[in-house]
Amino acid sequence: MSDLSVQLETPTAGKYTQPTGLFINNEFVKGVDGKTFEVINPTTEEVITSVHEATEKDVDIAVAAARKAFEGPWRKETPENRGRYLNNLANLFEKNLDLLAAVESLDNGKAISMAKVDISMCAGCLRYYGGWADKIEGKVIDTTPDTFNYVRKEPIGVCGQIIPWNFPLLMWAWKIGPAIACGNTIVLKSAEQTPLGALVAASLIKEAGFPPGVINIISGFGKVAGAAIASHMDVDKVAFTGSTVVGRQIMKAAAGSNLKKVTLELGGKSPNIVFEDADIDNAISWVNFGIFFNHGQCCCAGSRIYVQESIYDTFVQKFKERASKNVVGDPFAKDTFQGPQVSQVQFDRIMSYIKQGKEAGAKVEIGGERKGDKGYFIEPTIFSNVTEDMKIVQEEIFGPVCSISKFKDKEDAIRVGNSTTYGLAAAVHTKNLNTAIEVSNALKAGTAYNTLHHQMPFGGFKESGIGRELGEAALDNYTQTKTVSIRLGDALFG
Ligand code: ADP
């Protein structure tokens, strides 16, 4: 590894320069402690390269840079220019789409066709929030004739953003877009499993026009750099996407430090409900995509499938046939739908859930095994004969594994649909509009499956999170309200 970059190659985008440093103040730098960590290719289990690791000291430096930018030039920047820079960044994502997608496939293992969609969605998201930058408006509130009151929407300040590995660049864009639109500055930590895309994207920030210190991107471990962000006394807000376990730790760290604002986008165990009057082939396509998209590594994966009794047997048979056609293999192959799981840890976790399911008496309809002997590949797995108390039905597996069972009627569907502690996503398949609306209104879930769009709010009920990302709703996470009152008449108390 040269000091701050390395030459790498991908099958679809050829040779490129991979930055490896921490991106602070618009420059790539080494970590203070000189530590690095290895990045593993999940397809081959081999080391791709090493990147510099941020420790608490680097978090301090990045936060100081973000603070200086926030209190200085960034505060005076016009909303129009904030929008311009986000638009420039969106354009650069599009210009570099093939490279960014290839880096995602290399680092995360996602199929190249899906990675390309991710990158155009990143561009869409950044551009969308570029559009919001000059539309964040306050209000005038009339109370008495002798006061003039107005409400401003002000940025929160320095935002710590901690993102996961399942959509490395999409999460990067979801976090950066609204925070910048509202005038904040950022210290973003990528996931330790997938730091490469975040660093290539960081190399576009300066070119997009952002002043130094506005967006800082660091690589590092959750327990070190992530924890340092969550407990930092000069970080005004932390936005986290990841597991519910870590979400709780982030809240505790915020509570135990400076009560920074917290938004959390956490896990799920989401129901996909198919009524007997649904178009069965159409429903199967959605159900298949709902669970197996991104190798099941989606917080909004539809991992609990409920089918009305009368069509259950036909559905299971057809669903098995459909899922068996999902092409699992080399992420760089054109037709691949499902690549490897992201890491050995995730692979082991998923395989242990599969083992538990088998031991608990669930029936493996298809899959249930590792695929091949190299890379973290797992066969798409469908369990039937499950009961609601089984771990595979209650806990988030975060892999290509689902359970399928029957329900009787609408009330039963709503009961099972709401029967976990999570509340992220849900879907209802029926041709009856009344059933669709009645059941979806009754389900305690914040969103639908993998129909993500930057214009639509995304986030969870119950233990699936706090706050909403995307859409206009995300702006609430990144602004605070200031009420100003001007006395027009004589002083009130003489
Ligand atoms: P997963 O279990 O799927 O790897 P995590 O919730 O552990 O997901 O990780 C999501 C993100 O949270 C990653 O960037 C990770 O480094 C970070 N993280 C993990 N533990 C902590 C922690 N204690 N404090 C702050 N961030 C953390």
Side-chain angles (χ1 to χ4, degrees), residues 22 31 35 37-40 42 51-56 58-59 62-63 107-110 159-172 174-176 186-199 202 216-232 235 237-257 260 262-269 294-301 303 340-350 352-353 376 395-401 422 424 460 463-466 469:
L22 311 173
K35 290 187 176 179
F37 65 95
E38 289 180 339
V39 185
I40 307 293
V51 296
H52 291 273
E53 180 195 336
T55 63
E56 292 88 346
D58 304 295
V59 170
V63 170
D107 197 6
N108 164 283
K110 65 173 68 199
C159 298
Q161 303 186 317
I162 301 172
I163 61 170
W165 45 260
N166 56 342
F167 293 90
L169 277 172
L170 200 55
M171 294 303 104
W172 192 100
W174 283 23
K175 292 279 183 286
I176 286 177
I186 294 171
V187 176
L188 179 146
K189 189 192 84 61
S190 58
E192 51 269 44
Q193 298 85 349
T194 52
L196 300 185
L199 295 175
N216 306 279
I217 308 286
I218 59 174
S219 317
F221 291 93
K223 287 202 167 73
V224 182
I229 290 173
S231 61
H232 205 286
V235 169
K237 185 225 155 65
V238 61
F240 168 77
T241 299
S243 59
T244 297
V245 175
V246 174
R248 287 184 208 280
Q249 291 168 8
I250 303 259
M251 274 202 97
K252 278 192 195 147
S257 53
K260 55 180 68 62
V262 179
T263 44
L264 305 174
E265 205 271 275
L266 307 175
K269 188 71 184 173
N294 210 40
H295 330 167
Q297 301 171 143
C298 299
C299 47
C300 57
S303 49
Q341 307 309 128
V342 77
S343 65
Q344 182 75 54
V345 171
Q346 288 300 317
F347 175 88
D348 291 343
R349 216 173 144 253
I350 297 162
S352 100
Y353 272 113
Y376 310 123
E395 295 181 12
E396 184 176 44
I397 300 176
F398 226 67
V401 182
Y422 291 113
L424 189 53
E463 291 181 23
S464 287
I466 299 175
E469 302 204 87

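Please read these numbers as outputs of a predicted model, since none were measured by experiment. Whatever order the structure lists them in is the order used to number ligands and atoms, beginning at 1.
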Using the salt bridge (Lys or Arg N to Asp or Glu O under 4.0 Å) rule, take Lys269 and Glu463 through it: C-alpha gap first, then chi angles, then the decisive distance, then the call. CA-CA 10 Å; Lys269 188 71 184 173; Glu463 291 181 23; over 6 Å; no

If you apply the rule side chain to side chain donor-acceptor pair (under 3.5 Å), what do you find for Gln297 with Gln346, and how did you get there? CA-CA 10 Å; Gln297 301 171 143; Gln346 288 300 317; over 6 Å; no

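- Relative ring orientation between Phe347 and Tyr376 is described as tilted, the plane-to-plane angle lying within the 30° to 60° band.
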Let's go through Thr241 and Lys175 carefully: what are the C-alpha distance in whole Å and the side-chain angles of both, what is the deciding distance for side chain to side chain donor-acceptor pair (under 3.5 Å) to 0.1 Å, and is it a yes or a no? CA-CA 9 Å; Thr241 299; Lys175 292 279 183 286; 2.6 Å; yes

Per-pair distances, ligand 1 N/O vs protein N/O, less than 3.5 Å:
residue, atom, partner, partner atom, Å
ligand 1, 3 (O), Trp165, NE1, 3.2
ligand 1, 4 (O), Trp165, NE1, 3.0
ligand 1, 6 (O), Ser243, N, 2.8
ligand 1, 6 (O), Ser243, OG, 2.7
ligand 1, 14 (O), Ile163, O, 2.7
ligand 1, 14 (O), Lys189, NZ, 3.1
ligand 1, 16 (O), Lys189, NZ, 2.7
ligand 1, 16 (O), Glu192, OE1, 2.5
ligand 1, 16 (O), Gly222, N, 3.1
ligand 1, 23 (N), Gln249, OE1, 2.9
ligand 1, 24 (N), Gly222, O, 3.4

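- Side-chain contact between Pro195 and Val39: present, with at least one pair of heavy atoms (C-beta onward) separated by less than 4.5 Å.
- Taking the side chain to side chain donor-acceptor pair (under 3.5 Å) definition, one finds that Ser231 meets it with nothing, sequence neighbours left out.
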